[in-house]
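A quick note: this is a predicted structure, and the numbers were derived from the prediction, not measured. Values below: every heavy atom of this structure, side chains too, minus hydrogens, waters and symmetry copies.
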Amino acid sequence: MAYWLLKSEPGEFSLDDMERAGVEPWDGVRNYQARNWIRDAMQVGDQAFFYHSNCKEPAIVGIVSVASEPYPDPTQFDPQDKHFDPKSDPRRPRWYLVDVRFERRLARPILLKELKARPELAELPLVRRGNRLSVMPVTEAQWRFILRLENAATKA
DNA sequence: GCCAACGTTGGC
DNA sequence: GCCAACGTTGGC
């Protein structure tokens, strides 16, 4: 089983929205590196952190799981959709997605600030300079470390 | 609102 | 294939 981190802007789709939806197609990913992880590496049952980006308190706030095999993102073929890609050929789709299932909320948000302060997470793509990936891998060691932070007191 | 970092586009 | 211009991301 692999571990991931998925970014979402709470103004667009928050953890509350995710919980309400239960299962949601993770559409709109339009970055090739992120696409490759989705299409070539994600498997049903993989676990992922749900991260709130571009907001007042950027933080990991919940856990979701991969609920489907990768399949072509239908929004790329919909001219009315914000993520329409006229250059994508339906016979050879450019963009893929998986369905994502709400698992649980974390006991507390783990702020980006806090993640950045931990040397154990220095290699986590999220805290690396200039990172803009919306889908990124998390190692098992990083996953476990972050879960330990969940139940630890906030660093003074 | 600012701006650094990065990806993409398009002229050549 | 190079690279400048431009657009987007996303923390602050």
Side-chain angles (χ1 to χ4, degrees), chain A residues 2-21 24-42 46-64 66 70-100 102-103 105-139 142-143 145-150 152-156:
Chain A
Y3 301 97
W4 308 96
L5 183 145
L6 304 178
K7 285 184 190 174
S8 189
E9 303 190 14
E12 296 288 323
F13 191 75
S14 68
L15 185 66
D16 285 346
D17 296 324
M18 184 70 237
E19 182 169 20
R20 217 169 290 128
E24 179 77 7
W26 202 257
D27 60 21
V29 173
R30 296 292 182 269
N31 169 284
Y32 286 104
Q33 204 176 350
R35 187 280 313 267
N36 291 347
W37 276 313
I38 290 172
R39 189 190 58 182
D40 306 333
M42 280 195 178
D46 284 357
Q47 303 274 106
F49 287 125
F50 191 103
Y51 175 82
H52 279 167
S53 70
N54 200 13
C55 58
K56 197 172 170 192
E57 286 202 323
I60 293 173
V61 292
I63 294 178
V64 294
V66 174
Y71 61 98
D73 182 343
T75 65
Q76 69 195 305
F77 305 124
D78 178 1
Q80 311 291 41
D81 195 277
K82 174 180 163 188
H83 299 291
F84 177 57
D85 183 353
K87 287 188 260 180
S88 182
D89 178 350
R91 290 163 302 180
R92 217 166 165 276
R94 182 177 293 188
W95 307 113
Y96 280 72
L97 57 71
V98 289
D99 292 343
V100 162
F102 177 84
E103 293 293 338
R105 184 173 301 273
L106 293 191
R108 65 180 183 92
I110 303 175
L111 302 179
L112 177 61
K113 188 170 50 172
E114 188 179 349
L115 299 169
K116 281 184 168 175
R118 300 288 184 165
E120 294 90 341
L121 300 175
E123 302 302 317
L124 185 68
L126 185 71
V127 306
R128 304 202 64 108
R129 214 152 98 88
N131 165 71
R132 289 165 55 187
L133 276 173
S134 60
V135 174
M136 68 185 71
V138 174
T139 68
Q142 290 163 345
W143 181 269
F145 183 80
I146 292 167
L147 286 182
R148 281 199 295 276
L149 290 181
E150 180 189 9
T154 312
K155 198 175 180 184

Item checked: Residue A:Lys7, side-chain atoms from C-beta onward, closest of C:dG10, C:dG11, B:dT8 ->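 Comparing C:dG10, C:dG11, B:dT8 against the side chain of A:Lys7, the answer is C:dG10.
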
Check: Where the side chain of A:Arg132 is concerned, which of C:dC12, B:dT9, C:dT8 is the nearest nucleotide?
Finding: C:dT8

Can you tell me the distance, in whole Å, between the [atom1] atom of [X] and the [atom2] atom of [N]?
X: A:Glu9; N: C:dT9; atom1: CD; atom2: P; result: 7 Å
X: A:Lys87; N: B:dG7; atom1: NZ; atom2: C1'; result: 12 Å
X: A:Leu115; N: C:dG11; atom1: CG; atom2: C1'; result: 13 Å
X: A:Tyr32; N: C:dT9; atom1: OH; atom2: P; result: 15 Å
X: A:Leu133; N: C:dT9; atom1: CG; atom2: P; result: 13 Å
X: A:Arg129; N: C:dC12; atom1: CZ; atom2: P; result: 13 Å
X: A:Glu57; N: C:dG10; atom1: CD; atom2: C1'; result: 16 Å
X: A:Glu12; N: C:dG10; atom1: CD; atom2: P; result: 12 Å

Margin query: What contact category does A:Lys56 fall into here, base, sugar-phosphate, or nothing, at under 4.0 angstrom with non-hydrogen atoms?
Written below: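 Result for A:Lys56 = nothing.
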
Notebook entry, point to check: side chain to side chain contact (heavy atoms under 4.5 Å, CB included) with A:Leu124: which of A:Arg118, A:Gln142, A:Lys116?
Noted result: A:Gln142

Notebook entry, point to check: Hey, is CD on A:Glu150 packed in by over 12 heavy atoms from elsewhere, all under 6.0 Å?
Noted result: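 Yes, CD of A:Glu150 has more than 12 neighbouring heavy atoms, counting only those of other groups under 6.0 Å.
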
Item checked: Residue pair A:Ser88 / A:Arg30, side-chain donor-acceptor N/O under 3.5 Å ->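 The answer is no; no qualifying pair exists.
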
Margin query: One thing to verify: whether A:Glu120 and A:Arg148 come together as a salt bridge, which I'm taking to mean a side-chain N less than 4.0 angstrom from a carboxylate O.
Written below: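 A salt bridge is absent here (no side-chain N lies under 4.0 Å from a carboxylate O).
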
